[in-house]
Amino acid sequence: MNTPDSLNANIRELQPSATLAINEECQRLQESGRKIFRLGFGQSPFPVPDTVVAALQNNAHQKAYLPTQGLPALRQAVAAYLQRNEQLDCDASQVMVGPGSKELMFLLQLTYEAELLLPAPTWVSYAPQAAIIGREISWLQCDLDQATGLDPQLLEQHCQNQPGRTRLLVLNYPSNPTGNTYTADQLRALADVARRHRLLILSDEIYSGLNFAGEHISIARYYPEGTIVSNGLSKWCGAGGWRLGVFVFPRELAWLQQAMAALVTETFSAVSAPVQY
């Protein structure tokens, strides 16, 4: 019989994402005539750049299924961006395109069986994604008064307590919700710990283009062999609704990229062609 008990146990207690729920409530109140100041959802108030809008218009006719990992020219452009801005040694073969980085993050957790390490406070969807899949979550509390982000000594201590485990550290900076970012020295120290304990780092750099000083630094500069860089159009381009995100894998993790690529063929297949162009 079809009853609520038939639901996946990991999903039974799942609630809508807090940020999306806030956004929908704001929309409802706005439509009722209320004046609303939106502080709960990461959506840019600025328009998408004219050149980007024009490119979408010019490619509205594109309708073919594109390669599962993304349009070759787009993958090359992403690699060139990281070469230019982060001095990373990468090429188009290491880039994977997805319908927003959020979907890629979920598929990564589904593919890679690991304890999830989350500096707290953190964005609202990392932990629920892990819970859906049944992954163990460990919270690493940051010092909000000092606003220095994740303490490398705290990370070291956690890894020493249970050595040898497979772990995925999500490092989001500039941070949602704190706005905190990291200096080069802090990133080097975190990279040293990660290398020593063979951590996989997912560096969520979706806000990198909004660094107030224009001085974002990727931890992949210091731990290239173990860092997946995540980015997309949502924040710097103000195009969250276009749903385009990217992962850039190190060559050492080609096996993980290949496994995720196989999963893509059975899930979203390919990202919207006009958006990719």
Side-chain angles (χ1 to χ4, degrees), residues 69-70 75 78-98 101-119 122-123 126 129-130 135 138 140 142 149-152 154-156 158-159 165-176 180-209 211 215-232 235 245-261:
Q69 295 199 64
R75 297 172 71 193
V78 172
Y81 172 84
L82 288 178
Q83 292 167 8
R84 186 170 63 249
N85 288 276
E86 296 294 343
Q87 294 80 56
L88 296 184
D89 176 21
C90 62
D91 58 45
S93 69
Q94 297 166 246
V95 178
M96 177 180 289
V97 181
S101 57
K102 190 174 186 177
E103 177 71 12
L104 292 175
M105 291 173 188
F106 180 72
L107 294 184
L108 174 62
Q109 290 207 59
L110 188 59
T111 306
Y112 189 68
E113 192 167 350
E115 173 193 3
L116 183 67
L117 304 183
L118 291 178
T122 192
W123 179 55
Y126 302 128
Q129 286 187 351
R135 298 285 183 254
S138 294
L140 305 174
C142 299
L150 177 60
D151 184 344
L154 179 62
L155 179 61
E156 175 73 42
H158 179 84
C159 294
R165 302 189 69 184
T166 302
R167 294 183 167 102
L168 170 61
L169 169 65
V170 177
L171 205 61
N172 168 225
Y173 65 101
S175 165
N176 178 355
N180 177 70
T181 193
Y182 292 92
T183 66
D185 287 343
Q186 289 173 309
L187 292 172
R188 286 191 191 94
L190 288 168
D192 287 345
V193 178
R195 182 174 289 109
R196 189 156 49 250
H197 294 282
R198 300 175 62 84
L199 303 182
L200 175 62
I201 294 181
L202 173 60
S203 188
D204 182 359
E205 303 179 23
I206 194 70
Y207 290 99
S208 63
N211 182 297
E215 297 175 353
H216 176 79
I217 302 172
S218 176
I219 194 171
R221 293 193 195 185
Y222 310 115
Y223 186 42
E225 72 274 21
T227 300
I228 298 171
V229 176
S230 174
N231 215 315
K235 310 308 177 186
V246 297
F247 269 14
V248 183
F249 294 79
R251 294 184 182 88
E252 291 84 350
L253 295 179
W255 55 270
L256 179 56
Q257 181 180 356
Q258 291 165 6
M260 272 189 64

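Note that these values count all heavy atoms, side chains included, but never hydrogens, waters or copies made by symmetry. Positions are given from 1, in the same order as the sequence printed here.
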Nearest 0.5 angstrom please: T183 OG1 to E215 CD, how far? 11.5 Å
Criterion side chain to side chain contact (heavy atoms under 4.5 Å, CB included) on V78 and V97, from CA distance to verdict: CA-CA 10 Å; V78 172; V97 181; 5.8 Å; no
Y223 side chain to L190 main-chain N or O, any donor-acceptor pair under 3.5 Å? no
I need the N176 CG to T122 OG1 distance, nearest 0.5 Å. 8.0 Å
Centroid separation under 6.0 Å, is that true for the rings of H216 and Y173? yes
Counting only N and O atoms by type, is there a donor-acceptor contact under 3.5 Å from the side chain of R196 to the main-chain atoms of E156? no
To the nearest 0.5 Å, what is the distance between CG on L140 and CG on L118? 7.5 Å
Verify side chain to side chain contact (heavy atoms under 4.5 Å, CB included) between H197 and R167, making sure each step is shown before the conclusion. CA-CA 9 Å; H197 294 282; R167 294 183 167 102; 5.7 Å; no
Pair N172-Y126, side chain to side chain contact (heavy atoms under 4.5 Å, CB included): steps then yes or no: CA-CA 10 Å; N172 168 225; Y126 302 128; 3.3 Å; yes
Heavy atoms of E86 and S218 approach each other most closely as OE1-N, 2.9 Å
What's the verdict on side chain to side chain contact (heavy atoms under 4.5 Å, CB included) for L187 and R221, showing C-alpha distance, side-chain angles and the deciding distance? CA-CA 9 Å; L187 292 172; R221 293 193 195 185; over 6 Å; no
Side chain to side chain contact (heavy atoms under 4.5 Å, CB included) with L200: which of L256, T166, V170? L256
Indicate yes or no: at least one non-hydrogen side-chain atom of D192 is less than 4.5 angstrom from one of P152. no
Could you report the tightest heavy-atom contact between I228 and P250, atom names first, then the distance? CG1-CD, 4.3 Å
Less than 4.5 Å apart, side chain to side chain, heavy atoms only: is that true for D89 and P224? no
Side chain to side chain contact (heavy atoms under 4.5 Å, CB included) partner of S203, the single match among L169, I219, V248: I219
What distance separates D204 CG from L104 CG, expressed to the nearest 0.5 Å? 11.0 Å
Are more than 12 heavy atoms from other residues, nucleotides or ligands located less than 6.0 Å from atom CD of Q83? yes
Should we count CZ of R195 as having more than 12 external heavy atoms under 6.0 Å? yes
Is the shortest heavy-atom distance from the side chain of Y222 to the side chain of T227 under 4.5 Å? no
Can you find a heavy atom in the side chain of L150 that is under 4.5 Å from one in the side chain of Y182? yes
Pair Y81, N231: side-chain N/O donor-acceptor within cut-off below 3.5 Å: no
Here the gap from T111 atom OG1 to E113 atom CD, rounded to the nearest 0.5 Å, amounts to 11.0 Å
Backbone N/O of F249 and side chain of Q94: donor-acceptor pair under 3.5 Å: yes
Just by distance, no angles: are the side chains of S93 and D91 close enough, under 3.5 Å, to form a donor-acceptor pair? yes
Side chain of Q69, backbone of Q257: donor and acceptor closer than 3.5 Å? no
Considering all heavy atoms of both residues, which atom of P119 and which atom of L171 are nearest to each other, and what is their separation? CG-CD1, 4.4 Å
About how many Å separate CD of E205 and NZ of K235, when rounded to the nearest 0.5 Å? 15.0 Å
Measuring only between side-chain heavy atoms, which start at C-beta, is M260 closer than 4.5 Å to Y112? no
Any donor and acceptor pair, going by atom type alone, linking the side chain of R165 with main-chain N or O of E115 inside 3.5 Å? no
Taking every non-hydrogen atom, the tightest pair across R75 and G70: CD-O, 3.4 Å
Can you confirm whether H158 sits close enough to L154 that some side-chain heavy atom of one is under 4.5 Å from a side-chain heavy atom of the other? no
Below 4.5 Å, heavy atoms only, C-beta onward: do L202 and S230 meet side chain to side chain? yes
Compare every heavy atom of G232 with every heavy atom of I206, then report the nearest pair and how far apart it is. CD1-N, 3.3 Å
